[in-house]
Amino acid sequence: MLSQRSGVSIATIKYYIREGLIRSNQDPRADDAETVEQLRLIRGLVHVVGLSILQVRQILALVQDPAANPATSMTDVTVVLPLAGARPTERSAKDADLASARAALASAGFDDLPDVPYVTQLLAAISLAEDCGVGMDADHLATYAAAARACAEADFDNLPLDSPGKAAQAAVLGTAIYDPILVGLRRLAHRERAAHLPSTQPQ
């Protein structure tokens, strides 16, 4: 049974059908390996990555686009995904308030910023850090930028470019799913680093 194999309830499967995430002619009581895989993907994007149904629909459309190529797919999906923790503010990325954040990114080599939501969120987050007294100096930001570029290089290096369809799918899904992996690894690294720091507790 589709519901049992996928671990998704019949009610949820029917909801996904109504939302157009899976075929409208799919019987929730049937046994379809392809649909089981699709249901597990949708459930993971919603409950693990934390995406909305609208975002999942947009990602699935990118995955299923026969004309997609890995490079454009990977950049297109970043427009769909919000940055973890950051949310749009009343301020626009064009506001003068964000000028110092733009300058900081330019100093790290990111001086050609696209007009997309994640850049607005990134600028707002950098500005907020400065406002709260925890802004990054040039060396700190440069370290983050170098780590981000290394991650991007690893992502592209691991695309199955010998199969364009699979490469585009891997680009889309990897971009969506790797975000929480990156954040989780950073937090583990913080924990690991903290364990080697001298205690500041009074004796």
Side-chain angles (χ1 to χ4, degrees), residues 44-45 48-52 54-56 58-59 62 68-159 161 167-168 170-201:
L45 291 174
V48 177
V49 182
L51 302 184
S52 68
L54 174 60
Q55 289 167 328
V56 172
Q58 292 171 308
I59 285 174
L62 289 171
N69 68 68
T72 57
S73 295
M74 194 173 281
T75 53
D76 287 349
V77 76
T78 59
V79 178
V80 176
L81 299 171
L83 292 183
R87 294 294 181 268
T89 68
E90 294 81 7
R91 296 185 295 186
S92 162
K94 300 180 179 65
D95 286 350
D97 289 353
L98 301 181
S100 64
R102 286 181 173 275
L105 286 177
S107 71
F110 295 110
D111 50 5
D112 183 20
L113 301 178
D115 185 16
V116 292
Y118 72 85
V119 169
T120 304
Q121 292 173 287
L122 174 59
L123 290 167
I126 292 173
S127 180
L128 176 62
E130 293 172 354
D131 292 346
C132 294
V134 292
M136 293 179 168
D137 61 25
D139 288 342
H140 193 172
L141 186 60
T143 299
Y144 266 58
R149 289 187 172 103
C151 288
E153 185 173 350
D155 289 343
F156 276 96
D157 285 348
N158 283 279
L159 289 176
L161 295 177
V172 172
L173 297 182
T175 302
I177 296 170
Y178 292 169
D179 273 3
I181 294 175
L182 180 59
V183 172
L185 285 171
R186 176 174 173 266
R187 293 182 182 182
L188 280 175
H190 280 174
R191 180 184 178 89
E192 183 179 74
R193 177 68 175 162
H196 292 87
L197 294 177
S199 173
T200 59
Q201 295 298 322

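Everything quoted here is computed from the prediction, not taken from an experiment.
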S.K.: When you look at OH of Y178, are more than 12 heavy atoms from neighbouring residues, nucleotides or ligands closer to it than 6.0 Å?
M.R.: no

S.K.: Between L113 and R102, which heavy-atom pair has the shortest distance, and what is it?
M.R.: CD1-NH1, 3.7 Å

S.K.: Atom CG in D76, atom CD1 in I59: separation rounded to 0.5 Å?
M.R.: 11.5 Å

S.K.: Within this structure, what is the CG-CD1 distance for the pair L105 and I126, rounded to the nearest 0.5 Å?
M.R.: 4.0 Å

S.K.: How far apart are the closest heavy atoms of A171 and L159, and which atoms are they?
M.R.: N-CD2, 3.7 Å

S.K.: Nearest 0.5 Å please: distance from the OG atom of S52 over to the CG atom of L45.
M.R.: 10.5 Å

S.K.: Rounded at 0.5 Å granularity, tell me how far CG in L185 sits from NE2 in H190.
M.R.: 11.5 Å

S.K.: So, using side chain to side chain contact (heavy atoms under 4.5 Å, CB included) as the criterion, who are the partners of N158 when residues are at least two apart?
M.R.: A154

S.K.: Please list, one pair per line, the donor and acceptor atoms closer than 3.5 Å that link side chains of residues 136-147 to other protein atoms, with sequence neighbours excluded.
M.R.:
unit_1: D137; atom_1: OD1; unit_2: D139; atom_2: N; d: 3.2
unit_1: D137; atom_1: OD1; unit_2: H140; atom_2: N; d: 2.7
unit_1: T143; atom_1: OG1; unit_2: D139; atom_2: O; d: 3.0
unit_1: Y144; atom_1: OH; unit_2: R186; atom_2: NE; d: 2.9
unit_1: Y144; atom_1: OH; unit_2: R186; atom_2: NH2; d: 2.9

S.K.: Quick one: CG on D179 to OH on Y118, what's the gap to the nearest 0.5 Å?
M.R.: 11.5 Å

S.K.: How close do A104 and S107 get, counting heavy atoms only, and between which atoms?
M.R.: O-OG, 2.5 Å

S.K.: Under the side chain to side chain donor-acceptor pair (under 3.5 Å) test, which residues partner T72, sequence neighbours left out?
M.R.: N69

S.K.: Please report the interatomic distance CD(Q58) to CG(L54), rounded to the nearest 0.5 Å.
M.R.: 4.5 Å

